[in-house]
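Here is the structure we will look at, set down as structure tokens.
Being a predicted model, the structure only gives us computed values, none of them experimental.
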Amino acid sequence: MVDFTMGNGHDTAFLSKTVGVSGRVYAFDIQQQALDSTAQLLKDEGCPDNVTLIHASHHLVKDYVKEPFRAGMFNLGYLPGGDKRITTMRETTMPAIKAAIDLLAPDGILNIAVYPGHAEGEAEGKMICEYLEGLSRHKVCATLVKILNSPTSPFFIMVETKPPKA
């Protein structure tokens, strides 16, 4: 599994516990504060030793993850409790999502949390939706979950790859 935006480590811990001792989780963030918080949370929650913390941008995923993965998470925006001027950016998020879809195993899933309450988040969400709308339904199924009467609320996109043909 891959946590493309580890933040304070909550998604990373969830993925670690989900795959257990026989699984592997790769977690990315550009901020050392995120790696430090995540490492402490993994220790505090007694997570298995199955996580590789990567101090790099999520768009470099193919430099670190060489095999297909079953599930991935993007929690876009900024580090909770961190510097709100440092956010995920379209220039790296879009290549990261494209790489994630390329690496996603058959019958795999990506969850993308988008925060349109700030200018970059709004633009990022629009670009991701436009890209996914253009993909073949025979390759992936992309689903949008959004609160319609609250335009600045976070929304979620699930991207599922098709299972192998029997």
Side-chain angles (χ1 to χ4, degrees), residues 1-105 107-122 124-125 128 143-147 150 152-161:
M1 298 193 183
V2 180
D3 184 352
F4 288 89
T5 51
M6 80 175 79
N8 288 315
H10 298 285
D11 292 342
T12 305
F14 168 77
L15 294 173
S16 172
K17 291 175 184 177
T18 299
V19 299
V21 294
S22 63
R24 169 95 356 252
V25 177
Y26 298 90
F28 291 82
D29 211 293
I30 61 168
Q31 296 180 73
Q32 185 61 47
Q33 178 185 350
L35 276 78
D36 296 343
S37 296
T38 299
Q40 187 62 52
L41 183 69
L42 295 172
K43 181 180 174 186
D44 291 348
E45 293 201 6
C47 291
D49 185 20
N50 61 359
V51 178
T52 301
L53 300 180
I54 302 165
H55 190 202
S57 174
H58 51 203
H59 81 284
L60 300 173
V61 63
K62 287 186 175 182
D63 292 346
Y64 297 90
V65 180
K66 302 298 183 185
E67 65 275 355
F69 63 90
R70 297 283 317 221
M73 300 175 90
F74 286 85
N75 199 343
L76 303 175
Y78 51 82
L79 176 65
D83 185 344
K84 292 182 179 181
R85 295 172 298 175
I86 302 172
T87 69
T88 54
M89 303 291 291
R90 289 167 281 171
E91 294 79 15
T92 55
T93 297
M94 203 63 247
I97 288 173
K98 289 177 181 180
I101 292 170
D102 286 346
L103 286 167
L104 195 57
D107 209 19
I109 188 164
L110 289 176
N111 185 51
I112 307 166
V114 179
Y115 295 84
H118 59 96
E120 181 61 28
E122 181 179 4
E124 200 173 35
I128 294 165
T143 304
L144 174 65
V145 178
K146 185 175 188 175
I147 300 172
S150 182
T152 60
S153 289
F155 62 89
F156 303 91
I157 303 167
M158 280 70 63
V159 179
E160 301 171 275
T161 52

*How many angstroms lie between CG in Asn8 and OG1 in Thr38, if you round to the nearest 0.5 Å?*
6.5 Å

*Could you tell me which non-hydrogen atom of Ala27 sits nearest to which non-hydrogen atom of Met6, and how far apart they are?*
O-CE, 3.1 Å

_Gap separating the CD1 atom of Ile112 from the CE atom of Met73, nearest 0.5 angstrom_ = 11.5 Å

*Have a look at Glu160 and tell me which of Leu110, Asp107, Ile109 forms a side chain to side chain contact (heavy atoms under 4.5 Å, CB included) with it.*
Ile109

*Would the Tyr64 and Phe28 ring centres measure less than 6.0 Å apart?*
yes

_Residue pair Val61 / His58, side-chain heavy-atom distance below 4.5 Å_ = no

*Which heavy-atom pair separates Ala105 from Thr161 by the least distance, and what is that distance?*
O-OG1, 2.5 Å

_Nearest 0.5 angstrom please: Thr92 OG1 to Ile97 CD1, how far?_
9.5 Å

*To the nearest 0.5 Å, tell me how far Glu120 CD sits from Thr93 OG1.*
7.5 Å

*asked:* For a 4.5 angstrom cut-off between non-hydrogen side-chain atoms, does Leu53 reach Leu42?
replied: yes

*Which distance, rounded to the nearest 0.5 Å, do you find between the NE2 of His59 and the CE of Met94?*
13.5 Å

_Donor-acceptor check, side chain of His55 to backbone of Ile30, threshold 3.5 angstrom: yes or no?_
yes

*Polar side-chain atom of Ser16 near backbone of Thr12 as donor-acceptor pair, under 3.5 Å*: no

*asked:* Could you tell me if the side chain of Ile128 sits less than 4.5 Å from the side chain of Phe74, heavy atoms only?
replied: no

*Is a salt bridge present between Arg24 and Glu67, judged by a nitrogen-to-oxygen distance below 4.0 Å?*
no

*Find the distance between NE2 (His10) and CD (Glu45) and round it off to the nearest 0.5 Å.*
7.5 Å

*Do Asn50 side-chain atoms and Val21 backbone N/O form a donor-acceptor pair below 3.5 Å?*
no

*Closest approach of Lys62 and Lys66, non-hydrogen atoms and distance?*
O-NZ, 2.9 Å

*Indicate whether any N or O donor in one side chain lies under 3.5 Å from an N or O acceptor in the other, for Asn75 and Thr5.*
no

_Least distance between heavy atoms, Phe155 atom then Val145 atom_ = CB-O, 3.3 Å

